[in-house]
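The structure appears right after this line, and notes come after that.
Counting begins at 1 with the first residue of the sequence. Remember, it's a predicted structure, so these values are computed and weren't measured experimentally.
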Amino acid sequence: MAEILALSHPRQFAREGTRKDIPVWLWPNLLALDAPLVALVWQDYLARHFALSLHPAGRAVLALTVWAIYLADHLIDVQQAPAQAERERHAFCRRHIREMRAALALILGVDFLVACSWVKPLVFEYGILVSAGVVLYFAAFPLRGSGSAARKKPVAAVLFTAGIFLVPWVGTSHPAATLAASAAAFFALCLANLLMVESWEQSRELNSAWLAMSMLAICSLWWFWPACVSAAALAALSLGGTKLSTQSRCMLADLVLLSPLLFR
């Protein structure tokens with residue numbers, strides 16, 4: 001997540017954008033590629049942990065669907081007039097809105113083709129339910145103000161968790177007993193990430209975030225190591241990250257969600 005840019009001329013900014021060079025590490029966020037990467041990493045870990053087979057089509061559908069959702073979310077956000085302080089990803093989307101719309105249409109077309117042609121029927125059926133939730137999500141938050149933006153965070157975390165846990169849920173014999181606790185821990189991680197990043201971008205602190213993430217790290221220590229590591233890292237960023245720039249702090253908050261890469 002990028003830091004808020006303080007701008008005194010929003011109309012000129014919307015027309016011209018920033019002229020500075022964009023750091024290489026920021027491109028995945030600008031192109032909404034960071035969320036699909038996180039989704040694939042966790043899906044891969046869950047499949048290995050529970051000895052499930054992952055088919056390329058299922059992985060492609062997950063990545064494309066998450067990518068499409070985030071692109072659509074950015075496009076909806078920039079339908080409103082730019083504020084005096086606008087996030088870098090929104091400014092980038094506003095400057096390249098035609099390309100973003102074309103990319104979204106292409107991604108949705110490929111996603112639909114792969115899902116209908118190669119995804120297992122049972123996974124496809126459950127995927128329809130998740131897709132219905134996504135449709136309701138966009139219907140409930142079409143042009144979001146500050147109040148609705150806060151309310152959408154738990155919904156977004158639920159949908160993200162459902163998409164990642166879909167294949168393991170379908171592939172295990174007793175999914176509720178096997179996966180419910182892990183899904184709840186991952187939901188808490190996603191929600192904490194969303195709330196923390198948004199507060200930092202608005203120059204605010206969530207005073208209780210470090211405590212909540214510390215408790216999650218301790219609770220997941222015995223059965224869900226990636227969640228434990230990510231929660232501990234988020235707690236550290238919340239408690240001791242005030243000396244970092246907002247941009248660096250938000251980037252690290254996203255980066256620590258790739259903790260399953262440490263457990264091969």
Side-chain angles (χ1 to χ4, degrees), residues 1-6 22-45 66 70 73-74 85-92 146 149-161 164 181-263:
M1 305 293 180
E3 67 177 328
I4 294 179
L5 303 174
I22 298 174
V24 174
W25 55 264
L26 194 55
W27 278 102
N29 180 262
L30 297 180
L31 298 175
L33 288 170
D34 45 356
L37 177 60
V38 170
L40 289 176
V41 166
W42 282 89
Q43 186 192 57
D44 178 74
Y45 172 81
V66 172
Y70 272 72
D73 201 53
H74 292 179
E86 186 169 54
R87 295 174 176 89
E88 182 78 34
R89 60 183 177 274
H90 291 152
F92 180 86
S146 58
R151 292 192 299 270
K152 73 152 187 171
K153 301 301 182 185
V155 180
V158 166
L159 292 174
F160 195 61
T161 302
I164 292 174
S182 298
F186 183 76
F187 163 79
L189 279 177
C190 292
L191 182 59
N193 172 272
L194 291 171
L195 294 175
M196 291 165 70
V197 167
E198 182 178 57
S199 68
W200 297 339
E201 288 179 332
Q202 297 177 356
S203 300
R204 295 185 292 106
E205 294 292 329
L206 289 178
N207 296 326
S208 60
W210 71 269
L211 179 59
M213 288 297 95
S214 297
M215 293 177 62
L216 178 60
I218 294 173
C219 292
S220 57
L221 179 63
W222 286 272
W223 97 97
F224 204 19
W225 270 97
C228 175
V229 171
S230 292
L234 286 177
L237 284 172
S238 177
L239 188 62
T242 53
K243 295 182 179 180
L244 298 173
S245 69
T246 302
Q247 208 170 43
S248 299
R249 199 180 187 190
C250 294
M251 180 198 67
L252 288 173
D254 290 341
L255 188 62
V256 300
L257 293 185
L258 298 176
S259 61
L261 292 176
L262 301 174
F263 304 93

What one should report as the nearest heavy-atom pair of A156 and L194 is CB-CD1, 4.1 Å
Sorted by chain and number, sequence neighbours left out, side-chain contact (heavy atoms from CB on, under 4.5 Å) with S208 holds for none
Taken to the nearest 0.5 Å, the spacing of L30 CG from H90 NE2 works out to 11.0 Å
Any R249 side-chain heavy atom under 4.5 Å of V197 side chain: no
One should read off an interatomic distance between F186 CZ and L216 CG, to the nearest 0.5 angstrom, of 11.5 Å
Residues at least two apart in sequence or cross-chain that pass side-chain contact (heavy atoms from CB on, under 4.5 Å) with C228, listed by chain then number, are A217, S220, L221
Paired with Q247, the side-chain contact (heavy atoms from CB on, under 4.5 Å) test is passed by just one of N29, L26, L252, namely L26
With sequence neighbours left out, the residues meeting side-chain contact (heavy atoms from CB on, under 4.5 Å) with L40 are Q43, R59, L62, A63
By ring-ring contact (aromatic ring centres under 6.0 Å, His included), W27 pairs with (sequence neighbours left out) F92
The ring-ring contact (aromatic ring centres under 6.0 Å, His included) partners of F224 (sequence neighbours excluded) come to W42
With a cut-off of 3.5 Å and sequence neighbours excluded, list every side-chain donor-acceptor pair involving residues 230-238.
{"from": "S230", "atom 1": "OG", "to": "P226", "atom 2": "O", "distance (Å)": "3.2"}
{"from": "S230", "atom 1": "OG", "to": "V256", "atom 2": "O", "distance (Å)": "2.7"}
{"from": "S230", "atom 1": "OG", "to": "S259", "atom 2": "OG", "distance (Å)": "2.6"}
{"from": "S238", "atom 1": "OG", "to": "W210", "atom 2": "N", "distance (Å)": "3.4"}

Taking every heavy atom of D254 against every heavy atom of V38, the minimum-distance pair comes out as O-CG2, 4.5 Å
Scanning both residues in full, the closest heavy-atom pair of P36 with A32 reads CD-O, 3.2 Å
Rounded to the nearest 0.5 angstrom, the CZ-SG distance for R87 and C250 is 9.0 Å
Heavy atoms of M213 and L189 approach each other most closely as SD-CD2, 4.2 Å
d(L206 CG, L195 CG) to nearest 0.5 Å is 6.0 Å
query = Would you say the side chain of K152 lies within less than 4.5 Å of the side chain of D73, judging by non-hydrogen atoms?
reply = yes
Taking the side chain as C-beta and beyond, is there a heavy-atom pair between L37 and L258 under 4.5 Å? yes
To the nearest 0.5 Å, atom CG of L257 lies from atom CZ of F160 at 8.0 Å
d(L191 CG, M196 CE) to nearest 0.5 Å is 11.0 Å
Closest non-hydrogen contact found for W223 with A181 is CZ2-O, 3.6 Å
Tightest non-hydrogen contact, residues P154 and F187, listed as O-CE1, 3.5 Å
